[in-house]
**Q** 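Just passing along the structure, written as structure tokens.
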There are 2 protein chains.
Amino acid sequence: MLTLAQQVAPEPAAPLPDHAEQHECYRWHTEGDDRGTSQPEGTLNVITTRDIAERLGISVSTVGRALADDARISEETKFRVRQTASEMGYVGNRAARMMRGASSNVVALVIPDIRNSFYSTIAHELSKNMAAEGFQLMLSETDDDRMVELRHLRELSANRVAGVIIVPTARPHSESVKLLRAVPHLQLLRRHPSLGSQWFGVDDREALHRATAHLVALGHTRIAYLGGPEELPTGAERLRGFRAALEEGGLADDAGRAELGPPSSVHHGREAVRRLLQEPAAPTALVLGSIQLTLGVLEELSAQGVKVPGELSLVGFGDEPGFSWWGPGLTTIGLPIQEMATSCALWLLRRLKNGPENDGPYTSVSPGSLVLRGSTAPPDGKASSKSS
Amino acid sequence: MLTLAQQVAPEPAAPLPDHAEQHECYRWHTEGDDRGTSQPEGTLNVITTRDIAERLGISVSTVGRALADDARISEETKFRVRQTASEMGYVGNRAARMMRGASSNVVALVIPDIRNSFYSTIAHELSKNMAAEGFQLMLSETDDDRMVELRHLRELSANRVAGVIIVPTARPHSESVKLLRAVPHLQLLRRHPSLGSQWFGVDDREALHRATAHLVALGHTRIAYLGGPEELPTGAERLRGFRAALEEGGLADDAGRAELGPPSSVHHGREAVRRLLQEPAAPTALVLGSIQLTLGVLEELSAQGVKVPGELSLVGFGDEPGFSWWGPGLTTIGLPIQEMATSCALWLLRRLKNGPENDGPYTSVSPGSLVLRGSTAPPDGKASSKSS
DNA sequence: ACCTGTTGTGCTAACGTTAGCATTGCTGGA
DNA sequence: TCCAGCAATGCTAACGTTAGCACAACAGGT
């Protein structure tokens with residue numbers, strides 16, 4: 001069978017190595033019989049307004065104004081300029097324009113990890129809304145490391161991004177705070193007081209409160225919570241919601257068990273749930289506090305063949321594609337990320353258009369919802385309501 | 001119970017509306033008793049080298065050289081400049097530097113949709129590798145629309161990005177081709193001849209060939225393929241692999257049935273598999289040609305309660321978290337996206353460092369692998385090998 | 001005393017674009 | 001005939017940074 005590489009280059013067929021053995025196979029073609037351009041790429045001399053002006057025998061100003069559709073330029077000149085610009089492949093230089101005081105058309109999204117579907121959804125909504133208004137999106141991943149965050153913010157500042165939407169690390173560096181102060185910005189999901197009071201988030205406490213209360217109502221008395229560390233604002237809120245629900249349910253202090261750790265580690269989710277199940281008085285119910293942890297827990301429970309909700313009732317976090325078909329269907333905490341992201345985008349766009357006017361403290365809290373499926377039941381093992 | 005908003009603003013508690021009813025609740029605080037800075041944000045006058053020079057009574061050149069750690073500047077001056085720069089919160093203006101011929105430190109990733117985990121994995125790897133070398137990542141989503149793609153490429157060109165990694169649409173606009181020609185670029189996964197011969201992709205044909213051959217070997221004689229349109233290079237290759245395997249298996253022409261459609265529509269996956277199962281001579285096996293279609297199919301089969309592999313053998317595409325715990329475990333086509341993305345990043349970095357030298361046609365083809373789980377079996381219904 | 005080299009710094013131009021002001025040629029009213 | 005007014009365009013400076021060249025001060029060798 002022919003492979004793609006062989007189709008592309010009609011050289012004598014050097015058979016490809018075994019697929020199972022290596023991951024990549026490189027091919028340098030020595031001759032350029034390829035359909036692609038033969039010009040050295042990336043070396044194209046860039047066209048400026050001056051080039052156009054010289055070609056047409058007019059001044060740079062006129063060219064600039066014609067391209068900007070200035071009213072003072074005759075239609076005929078405009079037409080000739082535009083035509084020539086197009087012919088010569090002119091592309092305006094935004095860096096030069098920026099130096100004349102214009103602001104950039106780039107906004108940045110600073111998040112822990114784009115692979116988390118939470119954040120990729122946000123990135124998508126943001127990108128879509130921003131692109132519609134002519135803005136480009138810059139993506140910076142912090143990996144929840146404040147120094148990485150700082151490095152990114154330095155770069156973003158140097159690039160003079162017009163705005164920043166950030167899911168901050170637990171305790172941003174003081175220089176990060178300074179840098180953000182010079183740019184319209186918005187905190188998302190997590191909130192750190194030093195970064196100002198523009199914040200869009202979810203009511204984490206309420207969300208976990210409802211999830212936990214649901215388990216309490218079913219009659220569970222040994223409930224565990226597995227979530228992010230308390231130093232993260234979201235982690236702290238979620239833990240509070242969990243504890244509050246236990247307290248309100250009149251459960252003893254030792255009824256609840258909280259296991260905190262890195263929230264974006266699938267691996268940690270697997271480890272933690274394994275430990276929990278091996279304990280002498282293992283919990284009969286488990287609430288989760290992050291998507292990645294949920295993914296890990298689901299993997300581990302599947303692997304171990306734990307019966308849900310028979311042996312363990314489970315409330316997940318977030319609502320990923322696989323959650324609905326996992327085991328009996330995963331009861332989970334659903335969050336309106338898409339709507340939130342859109343709101344963020346619109347807020348930032350308005351802020352960028354209107355300037356700092358009316359730019360007082362601003363906060364938007366979205367509530368979560370409890371999506372009831374089959375993974376929760378009373379502790380005796382009888383399945384409860386099952387609906388999607 | 002208190003909500004976050006109330007904690008943030010100690011105003012008389014206006015009770016939050018019912019959570020189930022609305023998605024967001026806005027709060028404008030009229031007074032700034034917030035901990036955040038009281039400076040008008042985003043209005044900070046930006047510091048330039050000139051400001052530093054004036055403060056120290058030296059020339060801009062000296063400041064510039066001190067900051068660039070030029071050997072000709074005395075250590076003492078360097079120290080004073082750096083200190084003052086830090087004090088004043090100086091952040092170099094990359095736009096100005098770019099005008100002096102320096103290239104930008106931004107590379108762009110142009111993809112259909114970041115929500116596809118395929119692409120978010122790529123974005124992550126790219127971002128990580130690029131950030132390590134001081135590059136920032138710009139994200140552009142095309143939604144598989146060539147005009148959107150064009151608009152993005154225009155913006156990217158205006159911003160003078162240093163490089164572009166692109167998953168092109170089926171038939172890029174001729175202006176897109178021109179624009180890309182001026183920038184070091186690299187095609188990923190999909191390949192369009194007009195965009196040159198730098199390409200990293202997977203052996204789509206081989207991957208689908210193996211998946212289909214696996215089903216043929218099990219004894220299936222009515223096999224369906226559900227994948228992207230033939231106009232996409234990946235779509236065409238996958239279809240070819242599917243057909244080739246059928247042919248080699250000695251099956252009649254009508255044994256195979258190909259259903260083509262939008263590859264990134266989960267909804268279309270659901271619809272299509274529903275139609276397939278209702279047909280008079282419904283297929284006994286199904287191979288999929290995209291992640292999103294696979295997600296749709298899994299949802300639909302779960303919802304309908306179709307027995308897999310009893311009633312239908314299934315080979316998915318990609319390897320998402322949920323695939324291993326879906327039903328009996330999904331046999332699927334695994335692709336080394338992570339490794340591919342890393343290779344892309346390294347290639348582009350090398351290209352950016354070394355310039356166009358040695359920049360001939362280049363192609364890298366990664367093979368896929370068949371991950372055997374429980375969703376495939378002989379047509380009589382007996383389960384085959386089950387391993388993860 | 002002169003030349004040479006070194007060290008540290010300043011001056012100036014240039015990158016591509018745009019905004020303010022000046023200039024040219026023309027039309028129409030006094 | 002002269003000038004106001006307008007339309008169309010040109011000239012120049014400025015944005016912040018950097019590279020090339022010039023310059024000043026001083027040391028060491030002849």
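Chain A is the first sequence line, chain B the second, and so forth, proteins listed ahead of strands; every chain is numbered from 1. Note that the structure is a prediction, hence the values are computed from the model and not measured.
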**Q** Please determine whether a side-chain nitrogen or oxygen atom of Arg100(B) lies at a distance below 4.0 Å from atom OP1 or OP2 of dA14(C).
**A**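 So the side-chain polar atoms of Arg100(B) never come under 4.0 Å of the phosphate oxygens OP1 or OP2 of dA14(C).
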**Q** Just to be sure I understand the rule, does Ser61(A) reach a base, reach only the sugar-phosphate, or reach nothing, if contact means heavy atoms closer than 4.0 Å?
**A** base
**Q** Is the distance from OP1 or OP2 of dG16(C) to the nearest side-chain N or O of Thr48(A) less than 4.0 Å?
**A**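 Checking dG16(C) against Thr48(A), no side-chain N or O comes under 4.0 Å of OP1 or OP2.
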**Q** Taking only the side-chain nitrogens and oxygens of Thr62(B), find out if one of them lies under 4.0 Å from OP1 or OP2 of dG10(C).
**A** yes
**Q** Within the structure, does a side-chain N or O atom of Ser74(B) lie under 4.0 Å from either OP1 or OP2 of dT9(C)?
**A**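 For dT9(C), OP1 or OP2 has a side-chain N or O of Ser74(B) closer than 4.0 Å.
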**Q** For the residue pair Trp347(B) and Phe200(B), does the interplanar ring angle fall in the parallel (under 30°), tilted (30 to 60°) or perpendicular (over 60°) class?
**A** perpendicular
**Q** Assign each of Gly57(B) and Arg160(B) to its nearest nucleotide of DNA chain C by heavy atoms, then name whichever residue's nucleotide is nearer the 5' end.
**A** Gly57(B)
**Q** Identify the residue among Lys178(B), Met147(B), Arg151(B) that makes a side chain to side chain contact (heavy atoms under 4.5 Å, CB included) with His173(B).
**A** Met147(B)
**Q** Arg72(B) near the nucleic acid: base, sugar-phosphate alone, or nothing, with a heavy-atom cut-off under 4.0 Å?
**A**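 Base contact.
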**Q** How long is the line joining CG of Leu67(A) and P of dT9(D), in whole Å?
**A** 13 Å
**Q** Flag yes if more than 12 heavy atoms outside Arg55(A) fall under 6.0 Å of its CZ atom; otherwise flag no.
**A** no
**Q** In whole angstrom, what separates Asn93(B)'s CG from dT18(D)'s C1'?
**A**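 Distance check: Asn93(B) CG to dT18(D) C1' gives 13 Å.
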**Q** Below 4.0 angstrom from OP1 or OP2 of dT9(D), is there any side-chain N or O of Thr77(A)?
**A** yes
**Q** What is the distance from CD1 of Ile58(A) to P of dT24(C), rounded to the nearest Å?
**A**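 Answer to the nearest Å: 19 Å.
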**Q** Whether the Glu141(B) and His124(A) side chains hold a donor-acceptor pair (N or O, under 3.5 Å, no angle test) is what I'd like checked.
**A** yes
**Q** Just how far, in rounded Å, is P of dT24(C) from CD1 of Ile73(A)?
**A** 17 Å
**Q** Return no unless some side-chain N or O of Ser59(B) is found under 4.0 Å from OP1 or OP2 of dG10(C).
**A** yes
**Q** Round to a whole Å and report the spacing from CD of Glu54(A) to C1' of dG10(D).
**A**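 It works out to 15 Å between those atoms.
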**Q** Answer yes or no: is there an ion pair linking Glu54(A) with Arg50(A), defined by an N-O contact shorter than 4.0 Å?
**A** yes
**Q** Can you confirm whether the side chains of Gln136(B) and His152(A) place a donor and an acceptor under 3.5 Å from each other?
**A**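 Looking only at side-chain atoms, His152(A) and Gln136(B) do form a donor-acceptor pair, the distance falling under 3.5 Å.
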**Q** Output the rounded distance in Å from CD (Glu76(A)) to P (dT9(D)).
**A**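 Nearest whole value for this atom pair: 8 Å.
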**Q** What's the closest nucleotide to the Tyr90(A) side chain, out of dT17(C), dG16(D), dT9(D)?
**A** dT17(C)
**Q** Check the distance between dC15(D)'s C1' and Met98(B)'s CE and give it to me in whole angstrom.
**A** 15 Å
**Q** Judged by each residue's nearest nucleotide on DNA chain D, which is more toward the 5′ side, Arg65(B) or Met99(B)?
**A**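 It is Met99(B) whose nearest nucleotide is closer to the 5' end.
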**Q** Atom NZ of Lys78(A) and atom P of dA8(D): how far apart are they, to the nearest Å?
**A** 9 Å
**Q** Can you find a donor-acceptor N/O pair under 3.5 angstrom joining the side chain of Arg94(B) to the base of dG16(D)?
**A**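 For Arg94(B), whose side chain was compared with the base of dG16(D), there is no donor-acceptor pair (under 3.5 Å).
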**Q** Check this one for me: any side-chain N or O of Thr49(B) less than 4.0 Å away from OP1 or OP2 of dT17(D)?
**A**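 Looking at the OP1 and OP2 atoms of dT17(D), one of them is under 4.0 Å from a side-chain N or O of Thr49(B).
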